[in-house]
Amino acid sequence: MPRYDAKRIEEKWQQYWDEQNTFVTLNSPQAGSKGKMYVLDMFPYPSGSGLHVGHPEGYTATDIVVRYSRMQGKHVLHPMGWDAFGLPAEEHAVKTGTHPAVTTKENIATFKRQLKMLGFSYDWSRELSTTDPDYYRWTQWIFLQLFDTWYDATCEWTGPDGVQRTGKGRPISELPIPEDVTASGEEAVRRYQDAHRLAYVSEAPVNWCPGLGTVLANEEVIDGKSERGGHPVQRLPLKQWMLRITAYADRLISELDNLDWPESVKLLQRNWIGRSVGAEVDFLVATPGSTFDAWKSQRAASGLPATPESNVLRVYTTRPDTLFGATYMVVAPEHPLVDQITTDAQRDAVHAYREKAALKSDLDRTDLAKEKTGVFTGAYAINPVNGEEVPIWIADYVLISYGTGAIMAVPAHDLRDCEFAEKFDLCMNWVVEPPEDYKYTAEELALPQERKQDTYYPFTGHGTAINSGEYNGLPTAEFKHKITAELTAAGLGRQAVNYKLRDWLFSRQRYWGEPFPIWHELDADGNPTGLMRADEPADLPVLHPHMEDFKPTGTPEPMLSKATADWLYKTADDGTQLKRETNSMPQWAGSCWYYLRFCDNKNGEFFIDPELEKYWLPVDLYIGGVEHAVLHLLYSRFWHKVLFDRGHLTTAEPFHKLVNQGMILGENNEKMSKSRGNVINPDDVVKDYGADSLRLYEMFMGPLEQVKPWQMKGVEGVFRFLGRVWRMYVDDAADDVVLSDAVQDIPLTEEQERVLHKTIKGVTDDIERLAFNTAISKMMEFTNFFTGVSPRPKTALEPFALLLAPFAPHIAEELWSLLGKADSLAYAAWPEYDAAKTVEAEAEIPVQFNGKVRCKLRVPQNADKETMQSLAEQNSEVQKHLEGNSVVKVVVVPGRMVNFVVKPN
RNA sequence: GCCGAAGUGGCGGAAUCGGCAGACGCGCUGGAUUCAAAAUCCAGUGUCCGUAUGGACAUGUGGGUUCGAGUCCCACCUUCGGUACCA
């Protein structure tokens, strides 16, 4: 009995596709091709535990689009690869001594077997791994591009995409060198250049994670713990590689606009970059030697200096309109002015506070976020708008790394300042009157009217200026504008833009990552001079040194520093002793540009052939998890823009359309995890039901983007559906797999034709809008209809096999060949429909009375309003309902409904 | 706290433009087939009232707009995700 045998069919067709190279994509489009289509999955990290059911969700979605596009005649690029550098393989090496390269190779083999088992139509000839020397050679090369680039923020230019931009990454050789630097000699010039590169070394407090034995990017630290493993993270000042992503902050925000991405992801990126526009304002520190008026007139004459004088505190504020409400100042504990301004009386307290703040880890700082702390420095600053003296405090709620590391505090109009003022009993000054429709909080409402202006509940919104001298009565926005202009004219301030985004900490202390193509110069004593040399592109790749021992050093000293001397040292042609950079790159490096390499993965001359980049990019559809909404997608865009600026790419953005698939939860509605014991293994599902059922089920569960729980009963449901499809074609009672006698070359009845055309239309439209769940339900309806029909016309079953193919390709191929077709259906033409044949000549429409459906009426599909109304009025059922009522109004929607608005007589 | 997404039968979900709420699937009930089971097929299945024709109530809650609201507006509640002193 030839039951639906998924295993037999799937093995047969997977072998066929492999042998026939069905899905290999040539770089030159076939004749008659209807344009290119680059569809990309976020490539997986090949972990030891194999594929998770979350992987096939996105991968099936892209596979459907891709198979559909091929049948539409598109020239399709659909590759797969491995994001294979990373900690787990190295941790495994520490435990077992197995080299990470070996573990990686094994894991990739498992992942590849599993992906092939699911019948995804990848062009495996384009497979790549970020750990291939042929691949990371170009990762290192791109790093050298970053190293060779500085950002010219004022450069006006038009890119190959025809868009005019301000700001461009340019070769470091074009960096203008100030004369005094040139005068100081070659070394000074080199240091000046190094300080302007997009890839630079900086000594700054970084996130050191002893548990992982590496430093982490801000993005990888969550609540003071590592994103991976949840180990505590400390702040340590270390020399690290940074990438100047902040230079691109504005472009990373503005160029989001034209992308077909979910608005929520765009917003996430905008918030992460966190652009704010405000003003920098200078406050003179009150010292015996200087007078406010003299300083002011001096400033009026000379303008605002680039860096303030040593007795001036520069603050950043987004609310310059609240300057009259500034009743104290706060500087970060690390602020360089602290030592100088602190009075002797306060010195001990300030010193103690700074010591304590320095020791606090990020975790401590967030834990104690609610309780404000701080110490008075004993110093006073003079408010430039009214000459009033206000005390200067230090507190760790002001961050040294944002703005100027100092603020003017306006407790009446800022929640944090208010909390601080409340705790230390500092005075408040209301300078913004809330608008009339402002809704007070419950606490505020309880206060008597006259108390509302000195309550401890700050008003942080926009309103009208009060207690602000000549500015009284100005609306907030106007006031901001006006005072910024006036401060600028007086040389006391200027407009300023700030970002939450920080430069990207790009070095790690691990073995299993790309080594840097950088050498450090050593002096005669073997100490680094701080000067660097880059490897020549011809020297790439920089391979990993051979190592036996993968134990972490336990200190921030990188793993690669344990390499042998022949890897670590060399003598340059000019005799200079050089030591290799021993940090490695983070896992993000490889995933920043893999979509480029897929276009041209075997190119030994360049990272991508310019013609191929022009042809294939941008990626037309990119599907992956939301977890990469800020990290991978921001980093990729940044690298892409640098390569664009340097003339290596013609597109400014890598990914045109982005879709995030929703997470699949366990059957208990919780996140799948080993510890919860609710993990579903795709291998088991395929073993029991087959790949087609797994694919179909994951698409049938619900909308792609939605979070949804797994239900094994649902897999059974789609498996039953495929069984029904099978029996619609195949003679279940025969000994061999043969077409059923009921399948005949006969014409379609009108109804059958309508069902067919409706199904083709429905499935086509649904694929176009990525609504795979409803596409499948339409195919189920087709099957329910045609299994009840005998004989069954071939002219309906042939196109149906094609409709099913993107979703369940194995069974579709089998049915196609049973229908007598010699070739794979992978490139068969997608069925077309006739819109006129999708609708019945007559439609049954509801007749409503006062909006309630009371009876049904059959009307011609194309009936106009008047016809419909008169047909309704003639209907006996309708007349019954009209009895005893008078008609006030009749609403008719052609082809949809008739509504009588009636009133009892 | 702030930002974002979402709340529809016993469950997953559908309703694409304001026009028959609950498509499709799961589950459940009854039946056919069978010695029996599995598999398969057929019928039914939002809640309440009613023998029934039928009626009332139903898309988180409360209001509103409209001939008509799951869909639009206002307020609130709940869940999930992001973020956290960014001045």
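Values below: every heavy atom of this structure, side chains too, minus hydrogens, waters and symmetry copies. Below, read A as the first sequence line, B as the second, and so on, with proteins coming before strands; counting in each chain starts at 1. From a predicted model like this one, the values you see are computed outputs, not experimental measurements.
As judged by a 4.0 angstrom heavy-atom cut-off over every strand, A:Arg720 is placed among residues touching the sugar-phosphate backbone only. If you check every strand for non-hydrogen atoms under 4.0 Å, A:Glu716 touches nothing. The residue A:Ser401 sits apart from the nucleic acid: no heavy atom pair falls under 4.0 Å. A:Met897 comes within 4.0 angstrom of a nucleotide base, judged by non-hydrogen atoms across all strands.
Between B:rA87 and A:Ser276, a contact under 4.0 Å exists linking OP1 or OP2 to a side-chain N or O. Between A:Arg896 and B:rG18 there is no side-chain N or O to OP1 or OP2 distance below 4.0 Å. Remark: A:Lys778 is not in phosphate contact with B:rA15, judged by side-chain N or O atoms under 4.0 Å from OP1 or OP2. For the pair A:Arg724 and B:rC41, the criterion of a side-chain N or O lying under 4.0 Å from OP1 or OP2 is met. Contact annotation: A:Tyr397 side-chain N/O to B:rA87 OP1/OP2 distance is not under 4.0 Å. Under 4.0 angstrom from either OP1 or OP2 of B:rG54 there lies no side-chain N or O belonging to A:Arg854. Using a 4.0 Å cut-off, some side-chain N or O of A:Asn773 falls inside it from OP1 or OP2 of B:rA14.
Ion pairing between a basic and an acidic side chain is recognised when a charged N comes within 4.0 Å of a carboxylate O; A:Glu263 and A:Lys266 show such pairing.
Judged by distance alone, with hydrogens and angles left aside, A:Lys856 brings a side-chain donor or acceptor within reach of the base of B:rC20, the pair sitting under 3.5 Å. Looking at A:Lys372, its side chain comes within 3.5 Å of the base of B:rC85 through a donor and an acceptor atom. Applying the 3.5 Å distance criterion, the base of B:rG19 shares a donor-acceptor pair with the side chain of A:Gln848.
Toward the 5′ end of RNA chain B lies the nearest nucleotide of A:Tyr697, the other residue of the pair A:Tyr697 and A:Thr787 mapping further downstream. Comparing A:Asp414 and A:Asn669 along RNA chain B, the residue whose closest nucleotide (by nearest heavy atom) sits nearer the 5' end is A:Asn669.
Comparing the P positions of B:rU45 and B:rA52 gives a spacing of 13 Å, expressed to the nearest Å. When the P atom is used for both B:rC72 and B:rU16, the distance is 11 Å, rounded to whole Å. Taking atom C1' in both B:rG12 and B:rG27, the straight-line distance is 11 Å, to the nearest Å.
Centroid-to-centroid, the aromatic rings of A:Tyr4 and A:Phe719 come within less than 6.0 Å. Outside the 6.0 Å centre-distance limit, the rings of A:Tyr328 and A:Phe424 are not counted as a close aromatic pair.
Of the possible polar contacts, none joining the A:Asp282 side chain to the A:Gly493 backbone as a donor-acceptor pair under 3.5 Å is found.
Which of B:rC41, B:rC67, B:rA15 sits closest to the side chain of A:Asn899 comes down to B:rC67. For A:Lys713, whose side chain is taken as the heavy atoms from C-beta onward, the closest listed nucleotide among B:rG27, B:rA87, B:rA14 is B:rG27. Of the candidates B:rC3, B:rA23, B:rG25, the closest approach to any side-chain atom of A:Met780 belongs to B:rG25. Listed candidates were B:rG13, B:rA87, B:rU16. Nearest to the side chain of A:Arg769 is B:rU16. Candidate nucleotides B:rC24, B:rC41, B:rG13 were compared by shortest atom distance to the side chain of A:Gln706, and B:rG13 ranks first.
Judged by the 6.0 Å distance and 45° axis criteria, A:Lys372 is not positioned over the aromatic ring of A:Phe420.
Taking the six-membered ring where tryptophan is involved, the planes of A:Phe479 and A:Phe324 are tilted, since the angle between them lies from 30° to 60°.
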